[in-house]
Asker: 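Input: one structure, supplied below.
Computed over heavy atoms, backbone and side chain alike; hydrogens, waters and symmetry mates excluded.
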Amino acid sequence: MTISYNAAAQGLERILSDLADSCPVERARLEAAARILTAARRTAGVPLPSSDATRAVAEILRHWDAEAVTALEYAEALPEAALERLLRAAPAWAAAARRAVATPDRHAA
């Protein structure tokens with residue numbers, strides 16, 4: 001039982017250390033941005049309707065070198081204005097991407 005208690009204590013210590021070293025709200029924003037970037041990269045070949053949201057996400061995505069840095073690292077390096085733009089555009093972009101992915105291409109043979 002001592003081993004499990006020590007493991008639990010170490011896990012709690014890691015969690016508390018992470019919370020003390022960074023703001024949970026800011027961390028959640030960066031993780032959300034990383035999820036958006038990852039989804040946008042996965043749907044990069046899907047034609048989306050032109051809108052401010054799709055242009056914003058595409059522009060921010062275009063500068064990410066996924067082989068050099070992770071999505072989270074890229075999000076952490078974004079200027080605050082770009083991060084805000086990405087987070088604001090995400091709901092409309094995701095809705096457009098969801099419709100495009102769900103709609104079969106009528107021109108495919």
Side-chain angles (χ1 to χ4, degrees):
M1 190 178 293
T2 304
I3 294 172
S4 64
Y5 174 77
N6 287 337
Q10 289 173 346
L12 178 58
E13 183 179 337
R14 277 193 305 276
I15 291 168
L16 294 173
S17 179
D18 286 347
L19 290 172
D21 293 341
S22 67
C23 174
V25 173
E26 182 60 24
R27 189 69 181 170
R29 287 167 29 94
L30 293 171
E31 289 173 357
R35 289 182 65 208
I36 296 160
L37 291 164
T38 300
R41 184 167 185 253
R42 291 179 65 191
T43 60
V46 177
L48 300 179
S50 181
S51 71
D52 289 341
T54 57
R55 282 188 295 277
V57 172
E59 179 183 321
I60 294 167
L61 179 66
R62 179 174 42 247
H63 300 289
W64 174 33
D65 180 355
E67 293 185 17
V69 295
T70 66
L72 183 59
E73 290 167 337
Y74 180 64
E76 290 170 337
L78 285 173
E80 184 62 26
L83 180 62
E84 282 298 318
R85 185 175 181 212
L86 179 66
L87 293 172
R88 276 193 316 269
W93 170 85
R98 181 176 56 198
R99 284 189 301 272
V101 168
T103 305
D105 185 2
R106 297 176 202 267
H107 303 291

Asker: Residues two or more places apart in sequence or in another chain: which of them pass salt bridge (Lys or Arg N to Asp or Glu O under 4.0 Å) with E80?
Answerer: R29
Asker: What residues, two or more places apart in sequence or in another chain, satisfy side-chain contact (heavy atoms from CB on, under 4.5 Å) together with A33?
Answerer: A75, L83, L86, L87
Asker: Quick one: list whatever passes salt bridge (Lys or Arg N to Asp or Glu O under 4.0 Å) with E73, sequence neighbours left out.
Answerer: none
Asker: Return the set of residues passing side-chain contact (heavy atoms from CB on, under 4.5 Å) with T54 (not counting sequence neighbours), or none when no residue passes.
Answerer: L48, S51, W93, A96
Asker: Got a sec, which residues hit side-chain contact (heavy atoms from CB on, under 4.5 Å) with A58, two or more places apart in sequence or on another chain?
Answerer: none
Asker: Determine, for R27 against E31, whether the closest basic-nitrogen to carboxylate-oxygen distance falls under 4.0 angstrom.
Answerer: yes
Asker: Are the side chain of W64 and the backbone of V69 linked by a donor-acceptor contact shorter than 3.5 Å?
Answerer: yes
Asker: State, to 0.1 Å, how close A89 and V57 come at their nearest heavy-atom pair, and which atoms those are.
Answerer: CB-CG2, 4.1 Å
Asker: For E76 and E26, run side-chain contact (heavy atoms from CB on, under 4.5 Å): C-alpha distance rounded to whole Å, both residues' side-chain angles, the deciding distance at 0.1 Å, then the answer.
Answerer: CA-CA 10 Å; E76 290 170 337; E26 182 60 24; over 6 Å; no
Asker: Is there any salt bridge (charged side-chain N to carboxylate O under 4.0 Å, His left out) pair reaching into residues 54-69, and which pairs are they, with sequence neighbours excluded?
Answerer: D52-R55, E59-R85
Asker: CG/L37 to CG/L78 distance, rounded to the nearest 0.5 angstrom?
Answerer: 6.5 Å
